[in-house]
A.B. asks: 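Quick one: the structure is below, questions incoming.
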Amino acid sequence: MTDLTGKHALVTGGGSGIGAGIAFALAQAGAQVTICGRRADELELTAKRHANIHVQAADVTDAASIDKLYRQAETARGDFAIVVANAGIGESAPAEKISRELWSKTLDINLTGAFFSVQPALAAMRRQKWGRIIFIASTAGLKGYPYVAHYVAAKHGLVGLARALAAETATDGITVNAVCPGFTETSLLSRSVDRIAERTEVSEAEARKLLLTHNPQGRFIQPQEVADAVVWLCQEGSGAITGQTISVSGGETW
């Protein structure tokens, strides 16, 4: 069993879905976990699941907010040894209808916000000669999907970012990887199902079946499966795994 006692972890977007699952798994492994997001009610509910989970409101697109998060959380629980950049959004639109606002918002949160929520941790990780940085990307970082060109672009950028940081920190005891889930059973998936059903005039069951065709195993990924991959990447024995994309997708990508 992975023992992360004495480690301080940050999980952005930790109030629900995959982020909440990751926070709980890291806390169970012994880490002190700071979760951040913009919805305080969701963050508080997640924090109630384990005494090792601590709430800090923050917006990954706001530099001052991230500065405050690091200052307060690290004062309380020490430097971050693990950062999981999970915060993200996903809205669909045909390419010709993607507005500049939607494009910018998607990249600001999914890519730019991911980098700047990780960047402040690098110096301390270098000093300690140990660190784990994990970007929660998507199979959209490994392949293309229709009607989400902006999201695919952001997630491909996230995979490239992970590889670049891995190369830059390879001799510092830091590993940097991207975990790429397929369609995962979360509220984000539910909203996607609702949009498909509304736009194509099919039932919810038919919309879910359509999304299931992407997964060779014929099922949706569970948040716990993504969390397990993250915890594995944080253990001592994963020190040689860096610059990689870990596809948690039932075989959708290779």
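Just so you know, these numbers use all the heavy atoms, side chains as well, and skip hydrogens, waters and symmetry mates.
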A.B. asks: Taking all heavy atoms of S247 and all of L142, pick out the closest pair and write down the distance.
C.D. replies: CB-CD1, 4.2 Å
A.B. asks: Restricting to non-hydrogen atoms, name the atom on E168 and the atom on D172 that form the minimum distance, rounded to 0.1 Å.
C.D. replies: O-OD2, 3.8 Å
A.B. asks: Tell me if a side-chain donor or acceptor on S138 pairs with a main-chain N or O of G141 at a distance below 3.5 Å.
C.D. replies: no
A.B. asks: How far apart are the closest heavy atoms of E185 and R208, and which atoms are they?
C.D. replies: OE1-NH2, 3.1 Å
A.B. asks: S65 side chain to D59 main-chain N or O, any donor-acceptor pair under 3.5 Å?
C.D. replies: yes
A.B. asks: Looking only at non-hydrogen atoms, find the nearest pair between V231 and A25 and report the distance.
C.D. replies: CG2-CB, 3.7 Å
A.B. asks: Measure the CD1-CD1 distance between I241 and I246 for me, rounded to the nearest 0.5 Å.
C.D. replies: 6.5 Å
A.B. asks: Checking side-chain polar atoms at under 3.5 Å, does R126 have a donor or acceptor matched by the opposite partner on T169?
C.D. replies: no
A.B. asks: Look at atom CZ of R38 and say whether more than 12 heavy atoms of other residues, nucleotides or ligands are closer to it than 6.0 Å.
C.D. replies: no
A.B. asks: Quick one: do the H8 and E74 side chains pair a donor with an acceptor below 3.5 Å?
C.D. replies: no
A.B. asks: Are I221 and V230 connected, step by step, through hydrophobic side chains (Ile, Leu, Val, Met, Phe, Trp, Tyr) whose heavy atoms are closer than 4.5 Å?
C.D. replies: yes
A.B. asks: Can you confirm if the NZ or CZ of K143 lies within 45° of the ring axis of Y145 and under 6.0 Å from the centre of its six-membered ring?
C.D. replies: yes
A.B. asks: Are more than 12 heavy atoms from other residues, nucleotides or ligands located less than 6.0 Å from atom NZ of K129?
C.D. replies: yes
A.B. asks: For G243 and N177, which heavy atoms make the closest approach, and how far apart are they?
C.D. replies: N-OD1, 3.3 Å
A.B. asks: So E91 and L102, do their side chains get closer than 4.5 Å, heavy atoms only?
C.D. replies: yes
A.B. asks: Side chains of S249 and T139: any donor to acceptor distance under 3.5 Å?
C.D. replies: no
A.B. asks: Salt bridge check: are R219 and E225 linked by an N-O gap of less than 4.0 Å?
C.D. replies: yes
A.B. asks: For the residue pair F220 and L212, establish whether any side-chain heavy-atom pair is separated by less than 4.5 Å.
C.D. replies: yes
A.B. asks: Using modelled atom types and a 3.5 Å cut-off, is there a donor and acceptor pairing between side-chain atoms of N86 and backbone atoms of G14?
C.D. replies: no
A.B. asks: Taking V176's backbone N and O only, do any of them form a donor-acceptor pair with T242's side chain (distance below 3.5 Å, no angle check)?
C.D. replies: yes
A.B. asks: Would you check if the side chain of Y70 reaches a backbone N or O of S117 as a donor-acceptor pair within less than 3.5 Å?
C.D. replies: yes
A.B. asks: Are I174 and L161 connected in a single hydrophobic cluster, I mean Ile/Leu/Val/Met/Phe/Trp/Tyr linked by side-chain heavy atoms less than 4.5 Å apart?
C.D. replies: yes
A.B. asks: Report yes or no: do L43 and I18 belong to one cluster of Ile/Leu/Val/Met/Phe/Trp/Tyr joined by side chain heavy-atom distances under 4.5 Å?
C.D. replies: yes
A.B. asks: Keeping the roles fixed (side chain from S238, backbone from L233), state whether a donor-acceptor pair exists under 3.5 Å.
C.D. replies: yes
A.B. asks: Considering only heavy atoms from C-beta outward, does the side chain of T245 approach that of R163 to under 4.5 Å?
C.D. replies: yes
A.B. asks: Are V226 and F135 linked, directly or through intermediate hydrophobic residues, by side-chain heavy-atom contacts shorter than 4.5 Å (ILVMFWY only)?
C.D. replies: no
A.B. asks: Answer yes if V60 and F115 sit in the same cluster of Ile, Leu, Val, Met, Phe, Trp and Tyr residues linked by side chain heavy atoms under 4.5 Å apart, and no otherwise.
C.D. replies: yes
A.B. asks: Can you name the nearest heavy-atom pair linking L69 to L10, along with the distance?
C.D. replies: CD2-CD1, 3.9 Å
